[in-house]
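Have a look at the structure below before the remarks.
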Amino acid sequence: LDSGKGSDKFRVNTNTGAISVGRGAKLDREADPEGYNLTLLVSDKGIPLSMSSTATVSVTLLDVNDQSPQFTNSRHEVALFENATVNEDVAMLTATDQDSDPNLVYTWVLDQSSAATDRGVDVAISLVKEWFKVDPGSGQVRVNATL
């Protein structure tokens with residue numbers, strides 16, 4: 001292995017030419033999305049003159065689901081009029097994921113949710129799930145029933 005970005009992460013078997021990931025090397029698509037271009041050198045033991053040639057090996061890192069999604073805001077507080085209509089937008093939850101194909105799905109976590117009236121009276125969380133719906137693909141929260 002002659003040179004190239006990441007050449008310290010790979011090893012070449014001098015007998016077979018097989019390229020492998022070096023011991024202790026960490027490959028991370030999020031850190032190196034463009035991958036690696038490695039330059040390999042082969043030479044003979046010619047006498048009186050040694051001859052050589054180079055080749056470039058491009059290594060593309062395929063992503064694995066190793067990053068957790070993160071909400072843009074971890075807490076949302078919303079005030080809503082009691083005469084809100086069905087399908088009225090309440091909130092837009094947004095999240096990001098550094099993985100190349102995040103497939104985010106938004107759902108309720110009822111045992112970690114709470115609701116209260118404008119006077120501070122707790123509302124049964126089971127009612128909240130009836131009153132509101134979350135679009136699993138977009139994170140849009142809408143009124144689901146008459147409040």
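- Criterion: ILVMFWY side-chain heavy atoms under 4.5 Å apart, direct or through other members. Under it, Val59 and Val21 are part of a common hydrophobic cluster.
- Listed here is the closest heavy atom pair of Tyr106 and Asp135: CB-O, 3.9 Å.
- In terms of hydrophobic clustering, with Ile, Leu, Val, Met, Phe, Trp and Tyr side chains grouped at heavy-atom distances under 4.5 Å, Phe132 and Phe71 are assigned to a common cluster.
- Transitive grouping of hydrophobic side chains (ILVMFWY, heavy atoms separated by less than 4.5 Å) brings Val78 and Leu127 into a common cluster.
- The closest side-chain heavy-atom distance from Val86 to Asn144 is not below 4.5 Å.
- Looking only at atom types and distance, the side chain of Ser58 has a donor-acceptor partner in the side chain of Asn37 under 3.5 Å away.
- Within the 4.5 Å cutoff, side-chain heavy atoms of Val12 are placed close to those of Leu40.
- In this structure a side-chain-to-backbone donor-acceptor pair under 3.5 Å is present from Thr72 to Thr94.
- In terms of modelled atom types and a separation under 3.5 Å, the side chain of Gln112 and the main chain of Val109 share no donor-acceptor contact.
- When side chains are defined from C-beta on, Tyr36 counts as touching Lys9, because their heavy atoms get closer than 4.5 Å.
- Side-chain contact between Asp32 and Leu27 is absent, with no heavy atoms from C-beta onward closer than 4.5 Å.
- Between Ala95 and Leu104, the shortest heavy-atom distance links the atoms O-CD1, 3.4 Å.
- Under the 4.5 Å side-chain heavy-atom criterion for grouping Ile, Leu, Val, Met, Phe, Trp and Tyr, Val143 is not connected to Phe81 through any hydrophobic cluster.
- Side chains of Val90 and Leu80 form a contact here, defined as non-hydrogen atoms less than 4.5 Å apart.
- Shown here is Lys133, whose NZ atom has more than 12 heavy atoms of other residues, nucleotides or ligands within 6.0 Å.
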Item checked: CA sep, side-chain torsions, deciding dist, call: Leu62, Arg29, side chain to side chain contact (heavy atoms under 4.5 Å, CB included) -> CA-CA 7 Å; Leu62 302 177; Arg29 192 215 49 95; over 6 Å; no
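- In this structure, the side chain of Gln140 engages the main chain of Ala91 through a donor-acceptor pair within 3.5 Å.
- The main-chain N or O of Met51 is found under 3.5 Å from a side-chain atom of Asp44 such that the two form a donor-acceptor pair.
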Note to self: Does Thr56 form a side chain to side chain contact (heavy atoms under 4.5 Å, CB included) with Leu38? I'd like the steps, not just the answer.
What the structure shows: CA-CA 5 Å; Thr56 301; Leu38 309 173; over 6 Å; no
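- Taking CG of Asp99 as the reference point, atom OG of Ser68 lies at 8.5 Å (rounded to 0.5 Å).
- Side-chain contact between Asp66 and Glu30: present, with at least one pair of heavy atoms (C-beta onward) separated by less than 4.5 Å.
- Residue His76 comes nearest to Met92 through the heavy atom pair CE1-O, 4.3 Å, listed as atom of the first residue, atom of the second, then distance.
- For Glu34, the CD atom counts as densely surrounded, since its 6.0 Å shell holds more than 12 non-hydrogen atoms of other residues, nucleotides or ligands.
- No side-chain donor-acceptor contact under 3.5 Å links Asn73 to the backbone of Arg75.
- Nearest heavy-atom pair, Ala145 versus Glu130, reported as atom, atom and distance to 0.1 Å: CB-O, 3.8 Å.
- By the 4.5 Å heavy-atom criterion applied to side chains, Trp131 and Val123 are counted as neighbours.
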Next item on the list: Show your working on side chain to side chain contact (heavy atoms under 4.5 Å, CB included) between Ile19 and Val57 and close with a plain yes or no.
Entry: CA-CA 10 Å; Ile19 301 170; Val57 176; 3.9 Å; yes
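- Under the 3.5 Å distance criterion, the side-chain polar atoms of Ser50 are left unmatched by any main-chain donor or acceptor of Gly46.
- At a threshold of 4.5 Å between non-hydrogen side-chain atoms, the residues Ile125 and Trp108 do not count as touching.
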